Amino acid sequence: MEFKGYDTNFNITDKVALVTGGASGIGKAITELYLEKGAKVAILDLKEDVMDTAKQIDSENAVGFQCDVTDNESMDKAIQGAKENFGKIDILVNCAGIALLDDAENISDGYWQKTLDINLTGTFKMSQKVGNVLIKQGHGGKIINLASQAAVIALDNHVAYGASKAGVLGMTKVLAYEWAQFGIKVNAISPTVILTELGKKAWAGEKGEKAKKEIPLGRFGYPEEVAAIALFLASDASNLITGENIVIDGGNTIK
Ligand SMILES: NC(=O)c1ccc[n+]([C@@H]2O[C@H](COP(=O)([O-])OP(=O)(O)OC[C@H]3O[C@@H](n4cnc5c(N)ncnc54)[C@H](O)[C@@H]3O)[C@@H](O)[C@H]2O)c1
């Protein structure tokens, strides 16, 4: 294949992206950056006000769908709606996620199951459904999965969360391998603590201060910093990267 080059400003003009969990935190930052770089974005989120959120961000190029990534019908409707609205799909970002933390000897069945259902199965089902659309369209595509540093290192109280995110990494590699023949690139991003609603809640107080000191660069991250990687992975500049996990952690996992 001949090298076709890429936009050195990382524009993704007229690409259509679906961002799950895009109504807040990292997903919202990704949505905003994708829009700034010329994409159209469908936000799929559990939040009831997701339609208004999309309108507030960009009434012309963003649209919101209330969607639960644990519910097949809800996902099918939203994917269909996004396709009808924008005519195609090029990019899927799986950002919907939860952190239900407890120690391994006491974590409830409910916490364990809900974490796996949303973080792992939800990510897979969205990838499977959108993957089928991309295969049928026949012009490749990009899938970007939010994993976590908890997928690669042990974190106290993170047994369900870590298992779900390690599962996301395993799944990312298999999808990348199976779908390379269709030109679909599948990658993961693994952040350290990012200062979003989820991040602030999970790392409040003393625990967070201690964790910060253990990070070589000495700080947590911002949603916009994760969005930068999601833009690179969505752009043509990363067309030879697939099945990879890009860690953004201030060096936390190199120790
Ligand atoms: N914030 C961090 O410290 C951090 C670190 C590493 C990885 N991550 C991962 O990044 C992703 C985004 O995290 P965030 O910090 O932006 O969280 P957040 O809580 O700010 O946003 C998550 C979004 O997902 C949505 N959501 C939850 N359950 C859903 C469901 N069943 N269906 C559809 N949408 C649903 C929520 O409504 C919310 O808008 C998650 O997958 C998280 O595990 C976050």
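Start at 1 and go down the list; that is how both ligands and their atoms are numbered. Owing to the predicted nature of the structure, the values given are computational and were not obtained by experimental measurement.
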Discussion item. Set out, in order, the CA-CA distance, both residues' side-chain angles and the distance that settles side chain to side chain donor-acceptor pair (under 3.5 Å) for Thr192 and Asp249, then state yes or no.
Written reply: CA-CA 4 Å; Thr192 186; Asp249 69 343; over 6 Å; no
Worksheet item: Is there a heavy atom of Pro191 sitting under 4.0 angstrom from any atom of ligand 1?
Response: yes
Fill in: Chi angles and distances behind the side chain to side chain donor-acceptor pair (under 3.5 Å) call for Gln113, Asp109
CA-CA 6 Å; Gln113 201 54 51; Asp109 291 353; over 6 Å; no
Worksheet item: At what distance is the nearest protein heavy atom to atom 34 (N) of ligand 1, and which residue and atom is it?
Response: Leu46 N, 3.3 Å
Fill in: Selection from Gly97, Gly21, Gly122 by shortest heavy-atom distance to atom 27 (C) of ligand 1
Gly97
Worksheet item: Given Val226, Val19, Val69, Val50, which one has a non-hydrogen atom that is nearest to atom 32 (N) of ligand 1?
Response: Val69
Discussion item. Main chain of Gln128, side chain of Asn132: is a donor-acceptor contact present, judged purely on distance under 3.5 Å?
Written reply: yes
Fill in: Candidate pair Asn11 and Asp7, rule side chain to side chain donor-acceptor pair (under 3.5 Å), full reasoning
CA-CA 6 Å; Asn11 286 306; Asp7 186 317; 3.1 Å; yes
Worksheet entry | Ligand-side contact atoms (ligand 1) for residue partner Lys47, heavy atom cut-off under 4.0 Å | 37 (O), 39 (O)
Worksheet item: Contact between Tyr161 and ligand 1, counting heavy atoms under 4.0 Å?
Response: yes
Discussion item. Any heavy atom of Asp45 closer to ligand 1 than 4.0 angstrom?
Written reply: yes
Worksheet entry | Contact (N/O only, under 3.5 Å) between Thr196 and ligand 1 | yes
Discussion item. I'd like to know whether Asn245 forms a side chain to side chain donor-acceptor pair (under 3.5 Å) with Ser190, so could you lay out the CA-CA distance, the side-chain angles of the two residues, the decisive distance to 0.1 Å, and finally the verdict.
Written reply: CA-CA 7 Å; Asn245 175 36; Ser190 283; 2.8 Å; yes
Worksheet item: Would Asp71 count as a contact of ligand 1 if the rule is a heavy atom under 4.0 Å away?
Response: no
Item to complete: Tell me which protein heavy atom sits closest to atom 20 (O) of ligand 1, plus the residue, atom name and distance to 0.1 Å.
Response: Ser24 OG, 3.2 Å
Worksheet entry | Residue Cys95 vicinity, atoms of ligand 1 by number, heavy atom under 4.0 Å | 11 (C), 12 (C), 40 (C), 41 (O)
Worksheet entry | Lys NZ or Arg CZ of Lys212 over Phe220 ring: under 6.0 Å, within 45° | yes
Fill in: Within 45° cone and under 6.0 Å: Lys207 NZ/CZ vs Trp203 ring
yes
Worksheet item: What part of Cys67 sits under 4.0 Å from ligand 1 if we count only heavy atoms: the side chain, the backbone, both or neither?
Response: backbone
Worksheet item: Which ligand 1 atoms, with their elements, are less than 4.0 angstrom from a heavy-atom of Val193?
Response: 3 (O)
Item to complete: Measure the distance from atom 19 (O) of ligand 1 to every protein heavy atom, then report the residue, atom name and distance (to 0.1 Å) of the closest one.
Response: Leu198 CB, 3.5 Å
Item to complete: Among Thr242, Asn239, Asn187, find the one that has a side-chain hydrogen bond (donor to acceptor under 3.5 Å, both in side chains) with Lys142.
Response: Asn239
Response to the item:
Checking heavy-atom distances from atom 7 (C) of ligand 1 to each of Ser164, Ala147, Ala151, the winner is Ala147
Fill in: Check: Gln66 and Lys47 side chains under 4.5 Å, non-hydrogen atoms
no
Practice prompt. Give the residue, atom name and distance (to 0.1 Å) of the protein heavy atom nearest atom 26 (N) of ligand 1.
Written response: Ala96 CB, 4.0 Å
Worksheet entry | Asn145 (side chain) donor-acceptor with Asn94 (main chain) under 3.5 angstrom | no
Fill in: Polar side-chain atom of Ser238 near backbone of Ile241 as donor-acceptor pair, under 3.5 Å
no
Item to complete: Give a yes or no on whether the backbone of Leu35 and the side-chain of Asn61 come within a donor-acceptor separation of less than 3.5 Å.
Response: no
Practice prompt. Between Ile26 and ligand 1, find which residue part has any heavy-atom pair under 4.0 Å and reply side chain, backbone, both or neither.
Written response: both
Discussion item. List ligand 1 atoms under 4.0 Å from Thr192, heavy atoms only on the residue side.
Written reply: 3 (O), 5 (C), 6 (C)
Worksheet entry | For Gly25, atoms of ligand 1 separated by under 4.0 Å from a heavy atom | 16 (O), 20 (O)
Worksheet item: Is the shortest N/O to N/O distance between Gln149 and ligand 1 below 3.5 Å?
Response: no
Worksheet item: Any N or O of Ser148 that comes nearer than 3.5 Å to an N or O of ligand 1?
Response: no
Discussion item. Using a 4.0 Å heavy-atom cut-off, which part of Ser190 comes near ligand 1: side chain, backbone, both, or neither?
Written reply: neither
Worksheet entry | Atoms in ligand 1 with a heavy atom of Lys165 nearer than 4.0 Å | 40 (C), 41 (O), 42 (C), 43 (O)
Worksheet item: Side chain, backbone, both or neither: which part of Asn94 has a heavy atom under 4.0 Å from ligand 1?
Response: neither
Item to complete: Check ligand 1 against Asp68 and write out every atom of the ligand that is under 4.0 Å from a heavy-atom position of the residue.
Response: 30 (C), 31 (N), 32 (N)
Practice prompt. Answer yes if the side chains of Thr13 and Lys37 hold a donor-acceptor pair under 3.5 Å, and no otherwise.
Written response: no
Worksheet item: Does any N/O atom on Ile194 come nearer than 3.5 Å to any N/O atom on ligand 1?
Response: yes
Worksheet item: Do Leu134 and His139 have side-chain heavy atoms sitting under 4.5 Å apart?
Response: no
Item to complete: I would like to know whether Lys55 and Glu60 meet salt bridge (Lys or Arg N to Asp or Glu O under 4.0 Å); could you show each step before the answer?
Response: CA-CA 8 Å; Lys55 255 190 218 145; Glu60 208 176 306; over 6 Å; no
